Amino acid sequence: MSAMKERITQKQIALRAEISPDFFSHILHGRRPCPKAVAVRLEMVTGISKVVWVWGSPSEMRVALERFMIRQGGQHGY
């Protein structure tokens with residue numbers, strides 16, 4: 001029997017990037033800009049370029065995050 005991949009949530013991504021889940025949600029919905037230092041940490045956690053986090057549109061960020069979560073066997077929400 002194969003081991004199931006650990007599911008990852010947006011909350012876990014935020015915590016691994018050392019930001020609050022609330023702040024991460026604000027970034028993903030375009031309510032707050034992503035600081036460059038946070039973008040670097042998000043890139044380390046997700047592999048999504050810091051360029052996307054700083055200059056991408058909210059929809060570009062969410063699409064990239066969705067792809068990352070699917071590869072990780074993840075799910076939406078908190």
Side-chain angles (χ1 to χ4, degrees):
M1 187 178 339
S2 65
M4 220 175 138
K5 275 188 173 180
E6 174 190 346
R7 290 198 172 277
I8 191 161
T9 64
Q10 289 180 11
K11 180 179 181 179
Q12 290 169 320
I13 292 167
L15 296 175
R16 289 177 187 176
E18 300 174 5
I19 60 174
S20 74
D22 217 28
F23 184 56
F24 190 41
S25 177
H26 286 299
I27 291 169
L28 289 173
H29 291 93
R31 293 188 292 266
R32 295 283 305 272
C34 184
K36 290 176 185 161
V38 171
V40 169
R41 293 196 306 267
L42 285 168
E43 181 179 47
M44 288 173 32
V45 171
T46 65
I48 299 167
S49 171
K50 59 186 171 283
V51 172
V52 172
W53 294 115
V54 174
W55 290 289
S57 70
S59 61
E60 289 171 321
M61 290 179 216
R62 290 192 304 269
V63 165
L65 185 63
E66 176 71 22
R67 288 185 184 138
F68 168 75
M69 292 173 74
I70 288 170
R71 286 194 311 268
Q72 299 299 309
Q75 56 196 17
H76 290 290
Y78 298 94

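Every value quoted in this text rests on a predicted model; they were computed, and no experiment measured them.
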Value for CD1 (Ile48) from CD (Glu60), rounded to nearest 0.5 Å, stands at 11.5 Å
With sequence neighbours left out, the residues meeting side chain to side chain contact (heavy atoms under 4.5 Å, CB included) with Ala39 are Cys34, Lys50, Trp53, Val54
Separation between CZ (Arg62) and CE (Met69), nearest 0.5 Å, reads 13.0 Å
Shortest non-hydrogen pair, Lys11 vs Pro21, comes out as CG-CG, 3.7 Å
Taken to the nearest 0.5 Å, the spacing of Leu42 CG from Ile27 CD1 works out to 6.0 Å
Between the NZ atom in Lys36 and the CZ atom in Arg41, the distance rounded to the nearest 0.5 Å is 14.5 Å
Are the side chains of Pro58 and Arg31 in contact, using a 4.5 Å heavy-atom criterion? no
For Phe68 and Val45, the nearest pair of non-hydrogen atoms, with its separation, is CZ-O, 3.7 Å
Gln10 and Leu28 have their tightest heavy-atom pair at OE1-CD1, 3.8 Å
For Leu15, the other hydrophobic cluster members (4.5 Å side-chain criterion, sorted by chain and number) are none
Value for CD1 (Ile8) from CD1 (Ile13), rounded to nearest 0.5 Å, stands at 4.5 Å
With sequence neighbours left out, the residues meeting side chain to side chain contact (heavy atoms under 4.5 Å, CB included) with Pro35 are Phe23, Val38
When rounded to the nearest 0.5 Å, the distance separating OG of Ser59 from NE2 of His29 is 11.0 Å
